[in-house]
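Input: a single structure, listed below in structure tokens.
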There are 2 protein chains.
Amino acid sequence: MQLPEAKQKFIETWGKLGSEWGINRTMAQVHALLLVTPDALTTEQVMEELSISRGNANMTLRDLMSWGLVEKQLKPGERKEYFYADKDIWNIARQVAKERRKRELEPVLKTLEELVQVKGDKNDPDFKTFNKSMTDINKMSKNVDRMLDTMLKADESWFWGSIFKMFK
Amino acid sequence: MQLPEAKQKFIETWGKLGSEWGINRTMAQVHALLLVTPDALTTEQVMEELSISRGNANMTLRDLMSWGLVEKQLKPGERKEYFYADKDIWNIARQVAKERRKRELEPVLKTLEELVQVKGDKNDPDFKTFNKSMTDINKMSKNVDRMLDTMLKADESWFWGSIFKMFK
DNA sequence: ATAAACTTTCAAAAGGTTTTGAAAGTTTAA
DNA sequence: TTAAACTTTCAAAACCTTTTGAAAGTTTAT
């Protein structure tokens, strides 16, 4: 396989994976494009490479910046804005974990906390089942939250090292 | 908050979380309903509780079975099929991890393996960037894969215990 | 064999999300 | 100023996914 074809394949694959995990396909594709591009690209170049409209490119690049995955670069003497993606995969993973935790896990944790408090008749099977599920899901969610916290603070090799020591 | 309202809130919350993570909202809602219901429900009851059509209920329940989250129960002397969800949250998490790994991570790993093999000019910045990204993403994906493997084989309390020992 | 009870299918409709592109807005240079 | 270069907006269109519901299929009891 040649480089241009391989890039294309990566962009497709990353886009598909993104959409399976609730990330807009185009956003994942733009990110993939920037990941395999050594230097920063303009909106124009992103539009060109992926055959998408100006509006789409603009909005997607802003989204990627709000996720902390892409940064704007201004070159001296130039009006155009350039976009550059951090290529450090551990940083990327942490950044995504951090954002999804804040956007999605935290609100759920808050709701579960309320639902665990719901009182009812201890002999009512409906209540018993509800209460047990809420308690268990709440515990697991908190564990996930703590694991993410560990990951966010950790250095890559230390984190995986510790994980794999689990089965030494 | 009263039990019926609380159930409703859980169903909503779980549905929203599901859709944020690429799982059909209705599927997550049906699963949530079964999680807070002590006994097995018929298609009819699911339709009723969530105000969805027969076709939708049928297809969603089959999907949940294919994910290994719900099982069909037949009661002696009855024609109707009943659907029951395993309430063990660790089992559920493992089952979801197992399926998503098989359906989504494995194909990506296979593609990355190919993309890492792509040869090119070591002085070409395009090639260097592509190759580094593929190598790094491949390594991280393999680590995730191994972590999932550990999780799938593990007992709940042992797994979290080991995770939290990481920061003792 | 028949009919009632129940499940499955799938084309069409509804609903939701993403994309477009032209217009409006902004910044910079002269 | 003015106008060129560039970015942002957003209503409408395109696209994609989900849902519906009636019809077809299946199973069981008589």
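Throughout, a chain's letter reflects where its sequence line sits, starting with A, and its residues are numbered from 1. Any value given below was found using the heavy atoms of this structure, including those in side chains, with hydrogens, waters and symmetry copies removed.
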Quiz item: Does a side chain donor of either A:R62 or A:N58 reach within less than 3.5 Å of an acceptor in the other side chain?
Solution: yes
Protein-nucleotides 7-15 of chain C N/O pairs under 3.5 Å:
{"from": "C:dT7", "atom 1": "OP1", "to": "B:E81", "atom 2": "N", "distance (Å)": "3.0"}
{"from": "C:dT8", "atom 1": "OP2", "to": "B:N58", "atom 2": "ND2", "distance (Å)": "2.3"}
{"from": "C:dT9", "atom 1": "OP2", "to": "B:R62", "atom 2": "NH1", "distance (Å)": "3.4"}
{"from": "C:dT9", "atom 1": "OP2", "to": "B:R62", "atom 2": "NH2", "distance (Å)": "3.1"}

Quiz item: Taking only residues at least two apart or on different chains, which pairs with a member in residues 71-87 of chain B satisfy side chain to side chain donor-acceptor pair (under 3.5 Å)?
Solution: B:K72-B:E81, B:E78-B:Y82, B:D86-B:N91
Quiz prompt | B:D63 CG to D:dT19 P, straight-line distance once rounded to whole Å | solution = 11 Å
Exercise. May I ask you to establish whether A:R146 and B:W160 are in a cation-pi arrangement, using a distance under 6.0 Å from NZ or CZ to the six-membered ring centre and at most 45° from the ring axis?
Key: no
Quiz item: What pairs with B:F83 under ring-ring contact (aromatic ring centres under 6.0 Å, His included), at least two apart in sequence or on another chain?
Solution: none
Practice problem: To the nearest Å, give me how far apart CD (A:E78) and C1' (C:dT28) are. | Solution: 14 Å
Quiz item: Got a sec, which residues hit ring-ring contact (aromatic ring centres under 6.0 Å, His included) with B:F127, two or more places apart in sequence or on another chain?
Solution: none
Self-check item: Whole-Å gap separating P (D:dC6) and NZ (A:K75)
Solution: 14 Å
Practice problem: Check A:V108 against B:T13 and note the closest heavy-atom contact, atom names and distance. | Solution: CG2-CG2, 4.2 Å
Exercise. For DNA chain D, determine which residues of residues 23-42 of chain B have any heavy atom closer than 4.0 angstrom to one of its atoms, and list them numerically.
Key: B:N24, B:T26
Exercise. Can you tell me the distance, in whole Å, between the CG atom of A:L50 and the P atom of C:dT20?
Key: 10 Å
Quiz prompt | Modelled atom types, side-chain donor and acceptor of B:S157 and B:D155, under 3.5 Å | solution = yes
Practice problem: Determine which pairs satisfy side chain to side chain donor-acceptor pair (under 3.5 Å) with at least one residue from residues 18-39 of chain B, sequence neighbours left out, and list them in order. | Solution: A:E104-B:W21
Quiz item: In Watson-Crick or G-U wobble terms, both distances under 3.5 Å, what is the partner of D:dT20?
Solution: C:dA11
Self-check item: d(CE, A:M47; P, C:dA22) in whole Å
Solution: 11 Å
